[in-house]
Engineer: 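Before we start, here is the structure in question, set down as structure tokens.
Note that the structure is a prediction, hence the values are computed from the model and not measured.
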Amino acid sequence: MLDFFTIFSKGGIVLWCFQGAGVTESFTAPVNALIHSVILQERSGNNSYNHEALSLKYKLDNEFELIFVVGFQKILTLTYVDKFLDDVQLHFRDRYKNELEQNGALKLLNNNFEFEDDFKILLREAEESSKGRSPAPMRSFKESEKSQKTVKSMIETKGGDKGKEQGGKKNKNTKKEGILEMLCPSVKPHLNHIAYIFDILSSCSKSPKPPKQPKGKQMRVWDMGGSSTKNLDYSERNGDSSANGVEQNKVRKCFFYFGNNNSKSVSDVCCTLNMYLVLVVLLSSKKGGSFGGMFGMLKGLVGSKSLTREDMEPVLEKMRDHLIAKNVAADIASQLCDSVAKKLEGKVMGTFTTVASTVKQALQDSLVQILQPKRRVDILRDVMEAQSQRRPYVITFCGVNGVGKSTNLAKISFWLIENGLTVLIAACDTFRAGAVEQLRTHQRRLNSLHPPEQNRGRAVVQLYEKGYGKDAAGIAMEAIAYARNQGFDVVLVDTAGRMQDNAPLMTALAKLIAVNMPDLVLFVGEALVGNEAVDQLVKFNQALADHSMSDKPRLIDGIVLTKFDTIDDKVGAAISMTYITGQPIVFVGTGQTYNDLRSLNARAVVSALMKA
């Protein structure tokens, strides 16, 4: 049923692998695709990944830096895979830990790790348990709880809350026992003293509400009447007569109780310090007290512990809201936080490291990794390679209406001219009125900046246009052929703006790309959008895939992000677009002049994104 199962470290060392009977194809390609597309790109929020006909499921073990991957045919529905993956992880990590402690890492790498017998036993148990599961038979009315109810059981009695009170006391005692169990060994001989302290602190309560006084006639206060002596008496307000004062006295009593230890030995001093830490934990566990904030902070700093999902959930919730406020799409923000949680779950925190700082640093690293995708677009290098093949390098621009495709096409033309290349602009926007005239104006201005006299009498930028109402794919094909004959280095294809849900126009765009096969397809998007960025990119990619005539369709290769100078620190659209496509942001538009084109600085964007 399973095609393969492999276990490897995050450093890339394969510790153990299994290949199913009758499977002859190597599983190197799907595992490498999983590593490049998911693990290295910090997209581990979902534990499944599809590669061609295979479905892969994986699990991360952050404590030992291990990755468990299982692969099976996509058409199969294997309900036991998730539980089987968990069982293998638990068994393997125990064996792995023992081997490391007994033999060391070097000997473990030199020898074969024996795990096949255990694996086959676990697989057999998982398959048998899935076969043995049958749908539970429906209960009859007599077997249901509803049939046991009587009228008497629905009548409320006065003593009905006694059980609840007893349950509350039980929970309180359980909490006390749980805290005492977490103590370090040097404190455990003093459990009686600590239990006494816990009882003192538990008796602290909120100050009772003063009884309501009947409203009577208020005395008139004259402006020149002076102040009465009663209004000037502050002794009751600053004294310990209130319930808060009683609570503070009880806390002082606790410190005095620990402070009477007059022994001078090192072990006694350590024990006293540990007792003070216990007092910190007890005080911070009492909600509503005046010491909760400070001692809660100390409790979070001191000691090492393994991170759990429950520890990270409050911090992740705040991070998710922060990302959404910075214009990251809501779905993407949730997936990012889930990925960080899976990356950190089970990881051991160091001393004086808070959960919030750990989660924030992990999220920051993930965001930097997302903005530096697996594929780097180097246009100048690719143009030189196309020149060696005696053909023009073709770039197609696409996007929704009004995002600045023509303007940024002109900026990229200027950048290419500055690098000594000649450019042919193909006016394939045959739908919008004034589109051809706009490109002609840009051509005239760019040629005035680089006169033909400086380029052996040849214009560095030319416009290829056939007017309006023509077939865009045909115009692009003619422009590429003209550029090949005339020796142009680069062809920039301008297309009409279209909404992602306009099926006829999306079909026309897919046809243009499928027929002409450009070297680079750039999606031009605004930095102002939030959730809309996800919808635009998903539907553009889907349209290109649906209307392509090849098995491996051409999708979006890169992104040009415009109007980046208008958003201040709300740079979330960059994260959303890169996360959805897995493709890099090639250029960023930062103004209205030809010089206002920049490459993306990933760390600067993440710094602005994480800024409060």
Side-chain angles (χ1 to χ4, degrees), residues 9-12 35-47 58-67 284 293-374 567-580 582 584-585 600-612:
S9 69
K10 288 189 178 178
I35 292 169
H36 287 121
S37 302
V38 178
I39 296 169
L40 292 180
Q41 294 297 315
E42 302 290 347
R43 299 167 191 269
S44 53
N46 187 8
N47 69 336
Y58 61 94
K59 189 171 181 65
L60 306 180
D61 189 319
N62 295 307
E63 187 175 351
F64 292 101
E65 301 285 321
L66 301 176
I67 301 171
S284 62
M294 180 181 70
F295 288 127
M297 181 185 68
L298 289 174
K299 180 186 173 185
L301 287 173
V302 178
S304 301
K305 60 172 292 187
S306 294
L307 280 172
T308 63
R309 187 67 182 243
E310 289 74 21
D311 295 332
M312 295 183 284
E313 197 58 45
V315 182
L316 289 171
E317 194 63 38
K318 289 181 181 177
M319 290 292 179
R320 187 180 294 111
D321 295 341
H322 176 78
L323 290 175
I324 293 171
K326 289 296 181 81
N327 235 8
V328 179
D331 290 344
I332 305 300
S334 299
Q335 290 175 35
L336 280 170
C337 291
D338 290 342
S339 177
V340 168
K342 285 197 174 183
K343 183 181 176 183
L344 293 178
E345 197 169 359
K347 193 172 182 181
V348 178
M349 288 174 56
T351 306
F352 293 101
T353 306
T354 62
V355 177
S357 63
T358 305
V359 172
K360 186 175 180 181
Q361 185 59 46
L363 181 61
Q364 197 163 335
D365 295 341
S366 297
L367 292 171
V368 171
Q369 192 67 37
I370 286 167
L371 288 173
Q372 295 173 341
K374 53 187 178 181
I567 55 171
D568 193 25
D569 59 350
K570 294 190 176 181
V571 293
I575 299 291
S576 300
M577 291 183 177
T578 314
Y579 190 90
I580 282 294
I585 294 175
L600 188 75
N601 185 338
R603 296 198 176 274
V605 170
V606 172
S607 177
L609 193 66
M610 299 302 290
K611 188 169 66 176

Engineer: Step by step, work out the side-chain contact (heavy atoms from CB on, under 4.5 Å) result for K10 and D61.
Structural biologist: CA-CA 10 Å; K10 288 189 178 178; D61 189 319; over 6 Å; no

Engineer: Counting C-beta onward and ignoring hydrogens, is there a side-chain heavy-atom pair between K343 and I39 closer than 4.5 Å?
Structural biologist: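 Side-chain contact under 4.5 Å: no.
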
Engineer: How far apart are the closest heavy atoms of L371 and A574, and which atoms are they?
Structural biologist: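 Of all heavy-atom pairs spanning L371 and A574, the closest is CD2-O, 3.9 Å.
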
Engineer: For V328 and G572, work out which heavy atoms get closest and say how close.
Structural biologist: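 Heavy-atom minimum between the residues: CG2-CA, 3.5 Å.
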
Engineer: Measuring from K570:NZ to K611:NZ, what's the distance to the nearest 0.5 Å?
Structural biologist: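 NZ of K611 is found 12.0 Å from NZ of K570.
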
Engineer: Just checking, is any N or O donor in the side chain of S334 or D331 under 3.5 Å from an acceptor N or O on the other one?
Structural biologist: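 There is no such pair (donor and acceptor under 3.5 Å, judged by atom type) between the side chains of S334 and D331.
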
Engineer: So, taking the atom named CG in L367 and the one named CG in L336, what distance separates them when rounded to the nearest 0.5 Å?
Structural biologist: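 The CG atom of L336 is 6.0 Å from CG of L367, to the nearest 0.5 Å.
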
Engineer: Quiz question: by atom type and distance under 3.5 Å, do the side chains of D365 and Q369 form a donor-acceptor pair?
Structural biologist: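 Distance-only check fails for D365 and Q369.
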
Engineer: Report yes or no: does S607 contribute a side-chain atom to a donor-acceptor pair with the main-chain N or O of R603 at less than 3.5 Å?
Structural biologist: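 Judged by distance alone, no pair lies under 3.5 Å.
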
Engineer: Specify the closest pair of heavy atoms between T578 and I370, including all atoms of both residues, with the distance to one decimal.
Structural biologist: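 Result for this residue pair: CG2-O, 3.1 Å.
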
Engineer: For T358 and L307, work out which heavy atoms get closest and say how close.
Structural biologist: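 Looking at all heavy atoms of both residues, the closest pair is CG2-CD1, 4.0 Å.
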
Engineer: For D569, enumerate each residue passing the side-chain hydrogen bond (donor to acceptor under 3.5 Å, both in side chains) test, keeping only those at least two apart in sequence or located in another chain.
Structural biologist: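 D569 satisfies side-chain hydrogen bond (donor to acceptor under 3.5 Å, both in side chains) with K326 once adjacent residues are dropped.
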
Engineer: Do you know the tightest heavy-atom contact between L344 and M312?
Structural biologist: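 Reported closest heavy-atom pair: CB-SD, 3.7 Å.
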
Engineer: Test R320 against E317 for salt bridge (charged side-chain N to carboxylate O under 4.0 Å, His left out), laying out the working first.
Structural biologist: CA-CA 5 Å; R320 187 180 294 111; E317 194 63 38; 2.8 Å; yes

Engineer: Would you say the side chain of M319 lies within less than 4.5 Å of the side chain of M610, judging by non-hydrogen atoms?
Structural biologist: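 Side-chain contact under 4.5 Å: yes.
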
Engineer: Please report the interatomic distance CG(N327) to CG(D568), rounded to the nearest 0.5 Å.
Structural biologist: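 CG of D568 is found 11.5 Å from CG of N327.
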
Engineer: Distance from K360 atom NZ to K318 atom NZ, nearest 0.5 Å?
Structural biologist: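 NZ of K318 is found 12.0 Å from NZ of K360.
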
Engineer: If you define the side chain from C-beta out and look only at heavy atoms, does anything of L323 sit under 4.5 Å from I575?
Structural biologist: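 No, side chains not in contact.
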
Engineer: For the CD atom of E310 and the CD atom of E345, what is their distance to the nearest 0.5 Å?
Structural biologist: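 Going from the CD atom of E310 to the CD atom of E345 covers 8.0 Å.
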
Engineer: Which pair of non-hydrogen atoms, one from S9 and one from L66, has the smallest distance, and what is that distance?
Structural biologist: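 Heavy atoms only, the tightest pair is CA-CD2, 4.2 Å.
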
